[in-house]
Amino acid sequence: MSDCIFCKIIKGDIPSTTVFRDEHLTAFRDINPAAPTHILLVPNKHIDSVNALTGEDEQLVGHLVKVAGQLAAQEGIAEDGYRLIFNTGAHAGQTVLHIHLHLLGGAPMKYPMG
Ligand code: DGP
């Protein structure tokens, strides 16, 4: 989508600190980190949110989670623990309408969040 900020990052039109990329997804550091490690894993194809996923996307979602685990290990936070979040819709505070998986860790976190 031409006006989507994450599509622009994936295309390279907006700079980001990319930590992983393959044919299915791009992972880059959040511009406004909420934890010492805060990475966003974003499918290269535009999907608005979890609400817009179809059966065809099942493998893609599994891949996002699998790569998130690998990045947690790479970041050195796998042993102590981390959190994976898909904010979906207004009540969850989704601000970018391109589905993304937050990988957060590097310090103890409270649950539930506010
Ligand atoms: P959410 O609230 O779940 O939609 O999270 C969107 C996240 O995207 C938020 O934590 C900030 C991050 N973000 C927004 N714009 C940019 C950007 O231009 N670059 C990067 N790296 N992150 C961004």
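Numbers for residues simply follow the sequence, beginning at 1. We count ligands from 1, going down the list as the structure has it; atoms in each ligand are counted the same way.
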**Study point:** Taking atom 18 (O) of ligand 1 as the reference point, the nearest protein heavy atom with its distance
**Key:** I5 CD1, 3.6 Å
Check your understanding: Does the side chain of N51 pick up a donor-acceptor pair with the side chain of T88 at under 3.5 Å?
Key -> no
Review point. Do any N/O atoms on H38 end up under 3.5 angstrom from N/O atoms on ligand 1?
Key: no
**Study point:** Which of the ligand 1 atoms, numbered from 1, are nearer than 4.0 Å to a heavy atom of G93
**Key:** 1 (P), 2 (O)
Point to revise | L97 reachable from L40 in the ILVMFWY side-chain graph, under 4.5 Å edges | key: no
Exercise for review: Considering heavy atoms of the protein only, find what lies nearest to atom 10 (O) of ligand 1 and give residue, atom and distance to 0.1 Å.
Suggested key: D30 OD2, 2.5 Å
Practice item. Give the residue and atom name of whichever protein heavy atom lies nearest to atom 4 (O) of ligand 1, and the separation in Å to one decimal. Key: T95 N, 2.7 Å
Practice item. State yes or no: do L84 and F28 share one hydrophobic cluster built from I, L, V, M, F, W and Y residues joined by side-chain heavy-atom distances below 4.5 Å, directly or via other members? Key: no
Review point. Heavy-atom contact under 4.0 Å between N32 and ligand 1?
Key: no
Check your understanding: If you measure from the Lys or Arg side-chain nitrogens to the Asp or Glu carboxylate oxygens, is any gap between D3 and K8 under 4.0 Å?
Key -> no
Point to revise | ligand 1 contact on L40 by region, counting heavy-atom pairs under 4.0 Å | key: side chain
Mind listing the side-chain donor-acceptor pairs of residues 68-77 below 3.5 Å, one per line with the distance, residues two or more places apart or on another chain?
from: E75; atom 1: OE1; to: R29; atom 2: NH1; distance (Å): 3.3
from: E75; atom 1: OE1; to: T37; atom 2: OG1; distance (Å): 3.4
from: E75; atom 1: OE2; to: R29; atom 2: NH2; distance (Å): 2.8

Review point. Between the side chains of D48 and H46, does any donor sit under 3.5 Å from an acceptor?
Key: yes
Review point. Can a donor-acceptor pair be found between the side chains of D22 and H63 at a distance below 3.5 Å?
Key: yes
Review point. Among the heavy atoms of F86, does any lie under 4.0 Å from an atom of ligand 1?
Key: no
Point to revise | Shared hydrophobic cluster, F86 / V96 (ILVMFWY, side-chain heavy atoms < 4.5 Å) | key: no
Check your understanding: Mind checking whether I14 has an N or O less than 3.5 Å away from an N or O of ligand 1?
Key -> no
**Study point:** Those atoms of ligand 1 less than 4.0 Å from some heavy atom in F28
**Key:** 20 (C), 21 (N)
Review point. At a 4.0 Å cut-off, with the gap strictly under it, does some heavy atom of S16 reach an atom of ligand 1?
Key: no
Review point. How close does the nearest protein non-hydrogen atom get to atom 22 (N) of ligand 1, and which residue and atom is it?
Key: I31 N, 3.2 Å
Review point. If we only count N/O pairs under 3.5 Å, is I9 in contact with ligand 1?
Key: no
Exercise for review: Please assess L64 against H24 for the test side chain to side chain contact (heavy atoms under 4.5 Å, CB included), listing each intermediate value before the final yes or no.
Suggested key: CA-CA 9 Å; L64 283 171; H24 304 294; over 6 Å; no
Check your understanding: Does Q94 reach ligand 1 with a nitrogen or oxygen that is under 3.5 Å from one of the ligand's nitrogen or oxygen atoms?
Key -> no
Revision key, fill the gap. heavy-atom search around atom 21 (N) of ligand 1 in the protein gives R29 O, 2.9 Å
Review point. Among all protein non-hydrogen atoms, which one is nearest to atom 5 (O) of ligand 1, and what is the separation to 0.1 Å?
Key: H100 NE2, 3.1 Å
Point to revise | hydrophobic_cluster_shared for V50 and L60, side chain cutoff 4.5 Å | key: yes
